[in-house]
Amino acid sequence: MGVSLRPARSGDIPEIERLLAAEWLPPMAIQEFLESFWVLENEGRVAGAAGIEIYGEAAVLRSVVVAPELRGTGEGDRLVRTGLDYARDHSARRVYLFTMHAAPFFARYGFEPVTTDDFEPAVRESWQYVGLTERPEILKQMTPMRLRL
Ligand SMILES: CC(C)(COP(=O)(O)OP(=O)(O)OC[C@H]1O[C@@H](n2cnc3c(N)ncnc32)[C@H](O)[C@@H]1OP(=O)(O)O)[C@@H](O)C(=O)NCCC(=O)NCCS
């Protein structure tokens with residue numbers, strides 16, 4: 001039966017949270033943004049996720065995760081492309097993200113490293129920006145990135 005990508009449902013949230021927690025990614029505000037969240041389903045289990053948050057002309061790509069056993073098989077790429085297509089379809093012009101280890105992966109899509117000073121006002125309202133700028137010791141381990149669509 002292969003791996004399918006489908007919109008996330010409320011019932012997926014515990015499994016999404018488990019995947020994120022295993023990678024030390026913040027399992028926050030999933031329900032709030034559920035309509036722009038996707039999961040990978042493999043043999044009845046949630047095996048990956050990604051979400052997009054829209055803030056006017058800007059968007060934040062978040063929670064991109066693929067279960068270890070599926071990595072390197074193109075599923076992360078499928079999740080990112082789905083999120084970026086959603087951002088384009090919702091008139092976003094710029095997409096931001098924070099990553100600790102995956103900057104080279106996101107650079108493949110044209111994401112470039114920026115500083116938090118480059119974040120536009122609408123995105124500064126996002127929980128991730130607020131949370132990270134309040135915790136400089138964590139922020140300094142992250143690479144903020146931006147893609148112009
Ligand atoms: C980053 C992650 C989502 C990539 O998922 P994946 O399913 O392994 O990626 P894919 O198989 O779709 O890879 C697509 C391409 O990117 C490349 N790639 C994958 N991970 C990469 C990385 N860390 N750095 C650079 N390139 C990478 C692959 O080699 C592949 O290249 P190819 O098309 O030339 O073969 C996955 O490694 C992961 O879940 N990591 C832990 C969570 C994380 O750090 N997420 C980012 C949080 S913001």
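The analysis underlying the following values was restricted to heavy atoms, covering all of them including side chains, and did not include hydrogens, waters or symmetry mates.
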Please report the interatomic distance [atom1]([X]) to [atom2]([Y]), rounded to the nearest 0.5 Å.
X: L132; Y: S126; atom1: CG; atom2: OG; value: 8.5 Å
X: L20; Y: I30; atom1: CG; atom2: CD1; value: 5.5 Å
X: I16; Y: F37; atom1: CD1; atom2: CZ; value: 5.5 Å
X: L84; Y: L147; atom1: CG; atom2: CG; value: 6.0 Å

Show every salt bridge (charged side-chain N to carboxylate O under 4.0 Å, His left out) that has at least one partner inside [range], sequence neighbours left out.
range: residues 73-85; value: E75-R78, D77-R81, D85-R88
range: residues 121-146; value: none
range: residues 103-120; value: R94-E120

For [X] versus [Y], what's the shortest heavy-atom pair and its separation?
X: M145; Y: A107; value: CE-N, 4.3 Å
X: A92; Y: A59; value: CB-CB, 4.0 Å
X: I54; Y: I52; value: CD1-CG2, 3.6 Å
X: P7; Y: V39; value: O-CG2, 4.4 Å
X: F105; Y: V80; value: CE2-CG2, 3.7 Å
X: A47; Y: N42; value: CB-CB, 3.9 Å

Evaluate the side-chain proximity of [Y] to [X]: yes if any heavy-atom separation is below 4.5 Å, no if none is.
X: F106; Y: T99; answer: yes
X: L79; Y: L5; answer: yes
X: S10; Y: Q31; answer: yes
X: M100; Y: T143; answer: no
X: E15; Y: R45; answer: yes
X: I13; Y: L34; answer: yes
X: F98; Y: L25; answer: no

Under 3.5 Å, is there a donor-acceptor pair between the side chain of S36 and the main chain of G51?
-> no

Would a distance-only check, ignoring hydrogens and angles, find a side-chain to backbone donor-acceptor pair under 3.5 Å from R62 to M28?
-> yes

Ring pair (Phe, Tyr, Trp, His ring centres under 6.0 Å): which pairs involve residues 52-91, sequence neighbours left out?
-> W38-Y86, Y86-H90

Hydrophobic cluster membership, V114 vs L97, 4.5 Å side-chain cutoff = no

Can V3 be reached from V64 by stepping across I, L, V, M, F, W or Y side chains whose heavy atoms are under 4.5 Å apart?
-> yes

Give the C-alpha distance, both sets of side-chain angles, the deciding distance and a yes or no for side-chain contact (heavy atoms from CB on, under 4.5 Å) between F119 and T133.
-> CA-CA 11 Å; F119 276 51; T133 50; over 6 Å; no

Residues two or more places apart in sequence or in another chain: which of them pass salt bridge (charged side-chain N to carboxylate O under 4.0 Å, His left out) with E23?
-> R71

With sequence neighbours excluded, tell me which residues meet salt bridge (charged side-chain N to carboxylate O under 4.0 Å, His left out) with R6.
-> D12, E41

Steps toward side-chain contact (heavy atoms from CB on, under 4.5 Å) verdict (Y96, L61) | CA-CA 6 Å; Y96 296 80; L61 179 62; over 6 Å; no

Would you check, one step at a time, whether the test side-chain hydrogen bond (donor to acceptor under 3.5 Å, both in side chains) holds for W127 with E32?
-> CA-CA 11 Å; W127 61 270; E32 192 181 340; over 6 Å; no

